[in-house]
Amino acid sequence: MLLLKVAICDDIQSELEKIKTALGVYEKAHPELCFDMDEYHTALDILKAVEKEKTYDIALLDVCMPGVLGTDIAKEMLAKAPATNIIFLTISNEYAVEAFAINATHYLLKPFTQEQFNAALERAVAKMPEEKLLSLTCVDGMYRVRTSEIVFIESQRHYLLFHLSGGKTLRQRGKLAQMYEELQEYPEFIRVGTSYIANLIFVRKVSASIIELSNGKIPIPRRSSVEVQRAYMDFCRKQALL
């Protein structure tokens, strides 16, 4: 299964439920996909999540909500993650021109049919960028995970915990050393002691003893402190030159 992060935002509960139901029908018909879904009931809620650097592969947004338009939310989301597929759902075509001006993936008028919803999702899935996918045999099934959504990997006894940017954690039997070998071609991943692999893209702060990431902290062994700090500085310099 390919794991996709999905946000749904609608201030009317009945409409939110309709969108969730339609998403569930689509997911059931596509066993190769798995949706990690967050639902938001107000524009303010989703804006707060975006400000905390929460990103999504697909965002299903109502346009007309109290306080903030869905198009304004989309602009904030795209500023953080330009590859986000925005699908607007609304009762009016008034904002269609603005929606497509910000490169929305689709614009659905309510009430929509399942077929219309499916077509919107198909377009979004087809636009997903091609990335390296890791195939993971987890305790609850098979997953395909993009390397760009792995924040850090933690070793616990005979298992590896994959902490993903959407907040989900996947658990697979395995050894950290073997996983690090598999990730060697990606300079953003570094080994931190014997128990962790960190994705430097998600690092917010590195001190002598702690790496602070977007959704967690990793202790740095004293013997590795200088090496980890040097690796982070080298990574930042290279990113600045891109």
Side-chain angles (χ1 to χ4, degrees), residues 2-24 26-27 33-90 95 98-99 102-108 110 117 120-121 124-125 127-129 131 143 145-152 154 161-170 188 198-205 211-218:
L2 176 60
L3 184 66
L4 300 177
K5 295 172 291 180
V6 179
I8 301 175
C9 185
D10 199 304
D11 62 306
I12 300 175
Q13 184 61 38
S14 60
E15 293 296 327
L16 190 69
E17 293 300 327
K18 289 177 184 176
I19 298 168
K20 288 167 58 180
T21 298
L23 187 66
Y26 182 86
E27 184 178 21
L33 301 175
C34 177
F35 295 124
D36 183 11
M37 186 196 74
D38 289 336
E39 61 180 88
Y40 299 94
H41 302 268
T42 71
L44 183 59
D45 288 340
I46 194 169
L47 281 175
K48 286 180 179 177
V50 172
E51 288 171 358
K52 293 179 180 178
E53 302 193 12
K54 190 100 172 182
T55 60
Y56 294 95
D57 299 304
I58 301 171
L60 299 153
L61 307 175
D62 185 20
V63 175
C64 300
M65 291 183 285
V68 182
L69 290 173
T71 48
D72 293 326
I73 296 171
K75 290 173 185 176
E76 293 291 332
M77 298 184 82
L78 292 168
K80 298 283 187 180
T84 304
N85 285 277
I86 304 292
I87 298 174
F88 290 112
L89 305 99
T90 181
Y95 299 95
E98 182 180 358
I102 61 175
N103 202 29
T105 299
H106 213 294
Y107 192 94
L108 276 177
K110 300 176 182 177
F117 185 88
L121 264 291
V125 171
K127 287 178 64 178
M128 296 302 299
E131 294 186 51
Y143 290 88
V145 177
R146 284 166 288 159
T147 56
S148 62
E149 64 182 308
I150 300 172
V151 179
F152 68 100
E154 178 183 2
L161 303 183
F162 293 79
H163 299 272
L164 307 183
S165 56
K168 191 177 183 68
T169 299
L170 300 178
E188 63 267 31
N199 186 341
L200 293 174
I201 291 173
F202 293 98
V203 172
R204 300 294 172 262
K205 179 182 177 183
I211 294 179
E212 295 185 15
L213 300 116
S214 60
N215 65 350
K217 296 182 179 181
I218 293 177

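- Across all their heavy atoms, His106 and Ala120 have their closest contact at CD2-CA, 3.5 Å.
- Side-chain N/O atoms of Tyr56 and Asp38 include a donor and acceptor closer than 3.5 Å.
- With contacts defined as side-chain heavy-atom distances shorter than 4.5 Å, the pair Glu39/Leu16 qualifies.
- Residues Glu76 and Leu47 have side chains in contact (heavy-atom distance under 4.5 Å, counting atoms from C-beta outward).
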side-chain contact (heavy atoms from CB on, under 4.5 Å) between Leu164 and Thr169, intermediate numbers included: CA-CA 6 Å; Leu164 307 183; Thr169 299; over 6 Å; no

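- Ionic pairing of Asp10 and Lys18 is not present here: no N-O contact between side-chain nitrogen and carboxylate oxygen is shorter than 4.0 angstrom.
- Heavy-atom neighbours of Lys127 NZ from other residues, nucleotides or ligands within 6.0 Å: above the threshold of 12.
- Nearest heavy atom pair, residue Leu3 against residue Glu149, reads O-OE2, 3.7 Å.
- Closest approach of Ile150 and Phe202 over heavy atoms only: O-CE1, 3.6 Å.
- Side chains of Lys5 and Ser165: a donor on one and an acceptor on the other come within 3.5 Å.
- Note that CD of Glu212 is 10.5 Å distant from CZ of Arg204, once rounded to the nearest 0.5 Å.
- Residues Thr90 and Tyr107 have side chains in contact (heavy-atom distance under 4.5 Å, counting atoms from C-beta outward).
- Counting all heavy atoms, side chain and backbone alike, Met37 lies closest to Leu23 at SD-CD2, 3.9 Å.
- Taken to the nearest 0.5 Å, the CG atom of Leu4 stands 9.0 Å off from the CD atom of Glu27.
- With a 4.5 Å cut-off on side-chain heavy atoms, Ile102 and Phe88 count as touching.
- The minimum heavy-atom distance linking Cys64 with Asp11 is given by the pair O-OD1, 3.8 Å.
- The residues Glu17 and Lys20 are annotated as salt-bridged, a charged nitrogen and a carboxylate oxygen being separated by less than 4.0 angstrom.
- With a 4.5 Å cut-off on side-chain heavy atoms, Leu170 and Val145 count as touching.
- A heavy-atom distance below 4.5 Å is found between the side chains of Ile87 and Leu60.
- Looking at heavy atoms from C-beta onward, Leu89 lies out of side-chain contact with Leu61 at the 4.5 angstrom threshold.
- Atoms CG and CG, from Leu121 and Asn85 in turn, are 9.5 Å apart once rounded to the nearest 0.5 Å.
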